[in-house]
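Structure, as structure tokens:
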Amino acid sequence: MSKGPDSVEALPPLKQVISEFGLAAKKSLGQNFLLDLNLTRRIARAGGRLDGCHIMEIGPGPGGLTRALLLEGAGYVTAIERDRRAIPALEQIAAAAGGRLTIVEGDALKVDQAALANGAMPVRIVANLPYNVATPLLTRWVTPQAWPSWWQSLTLMFQREVGERIVARPGGKNYGRLSVLCGWRCTAKILFDVPPGAFTPPPKVTSSIVRLEPRADAARVAPEALEAITAAAFGQRRKMLRSSLKSVLPEPEAALRELGIEPDLRAEALPVADFIRIAQLYSGQS
Ligand code: SAM
């Protein structure tokens with residue numbers, strides 16, 4: 001018998017699933033679950049068009065957001081979960097999803113996500129990310145060699161402070177490596193905040209849903225060059241660029257002057273486009 005969204009709707013409440021499958025939250029896995037289906041459906045809708053799309057979900061846990069994605073009409077969902085305890089609960093959802101859900105047990109940092117996503121449908125990544133691997137995952141999504149990316153959008157839950165770093169513009173304390181890497185290849189926006197009380201267990205801080213869309217016209221530069229330059233510049237963010245870039249450029253002051261960039265500036269004042277020009281120079285030299 002084919003089972004559609006009605007069957008997903010008929011699944012037992014998440015609270016019951018958590019107790020039935022022994023899914024007490026583990027801090028080491030960054031587990032803060034969302035049990036309110038109204039909220040998870042709102043997050044799913046923030047992911048943009050879902051029908052006809054392949055949604056990649058990282059860390060489905062007991063499956064609150066997974067259910068919401070299916071109920072909101074996702075064409076197909078692939079969910080990657082590291083916690084083996086959650087797999088039987090997720091298989092229960094898969095059984096009700098009429099062939100629209102595949103569960104992959106594994107570490108999202110090690111799994112070849114692009115290969116899993118390979119197919120005819122456009123891919124969107126939607127996730128309530130485990131806070132301990134959220135930044136490395138985002139960095140990977142925005143720094144592949146090939147661009148445009150294999151995904152069409154990222155709709156992700158972060159700690160609010162990380163969200164502010166992603167969308168930051170030059171000139172403030174939030175502007176850093178993540179702002180430059182994301183600003184290089186994406187447009188990014190904080191869509192809405194989610195208070196600690198919405199999670200089980202509640203985290204200490206407010207979270208935010210952030211949406212990133214790839215820029216088709218992102219400047220061409222080797223991602224590792226931009227990563228090296230931003231690491232050096234923001235690694236010593238109180239120093240002037242002529243000093244902080246010494247570890248990556250033999251004569252930073254002359255190089256910056258050649259590019260028309262004031263060597264006495266600090267990293268936090270430098271626009272993304274200037275970081276790109278320095279990285280282009282660096283990769284030409286290395
Ligand atoms: N999506 C669920 C929700 O919204 O209720 C759970 C979100 S919880 C913040 C993060 C989830 O990511 C947990 O289920 C955790 O086990 C999983 N996780 C942690 N590290 C992971 C990794 N490296 N790869 C895949 N999943 C991971």
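Ligands are counted one by one from 1 in listed order, and the atoms in each one are counted from 1 as well. Just so you know, these numbers come straight off a predicted model, no measurement behind them.
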Residue, atom name and distance, where the atom is the protein heavy atom closest to atom 11 (C) of ligand 1: G59 O, 3.4 Å
Y76 with I80, same ILVMFWY side-chain cluster at under 4.5 Å: no
For atom 27 (C) of ligand 1, what is the nearest protein heavy atom, given as residue, atom name and distance? R82 CB, 3.7 Å
Is a donor from one side chain sitting under 3.5 angstrom from an acceptor on the other, for Q113 and W150? no
Ion pair R41/E9, N-O distance below 4.0 Å: yes
State the atoms of ligand 1, each with its element, that fall below the 4.0 Å cut-off from a heavy-atom position in I80. 25 (C), 26 (N)
Inspect the contact between R84 and E105 and indicate whether a charged nitrogen and a carboxylate oxygen are less than 4.0 angstrom apart. yes
Check the hydrophobic clustering (I, L, V, M, F, W, Y; side-chain heavy atoms under 4.5 Å; chains of links allowed) and say if L29 and F199 are grouped together. no
Measure the distances from the heavy atoms of L129 to every atom of ligand 1 and state whether one is below 4.0 angstrom. yes
Closest protein heavy atom to atom 23 (N) of ligand 1, given as residue, atom name and distance to 0.1 Å: D107 OD1, 2.8 Å
Is the shortest distance from a heavy atom of E57 to ligand 1 less than 4.0 Å? yes
Just verifying a value: how many Å separate L245 CG and L256 CG, rounded to the nearest 0.5 Å? 6.0 Å
Out of curiosity, is A127 lining ligand 1, as in a heavy atom under 4.0 Å away? no
Taking the basic N atoms (NZ, or NE/NH1/NH2) and the acidic carboxylate oxygens, is any pair closer than 4.0 Å for K189 and E213? no
Residue selection (non-hydrogen contact nearest atom 2 (C) of ligand 1) among S28, A25, P60: P60
Check if A86 has a non-hydrogen atom at a distance under 4.0 Å from any atom of ligand 1. no
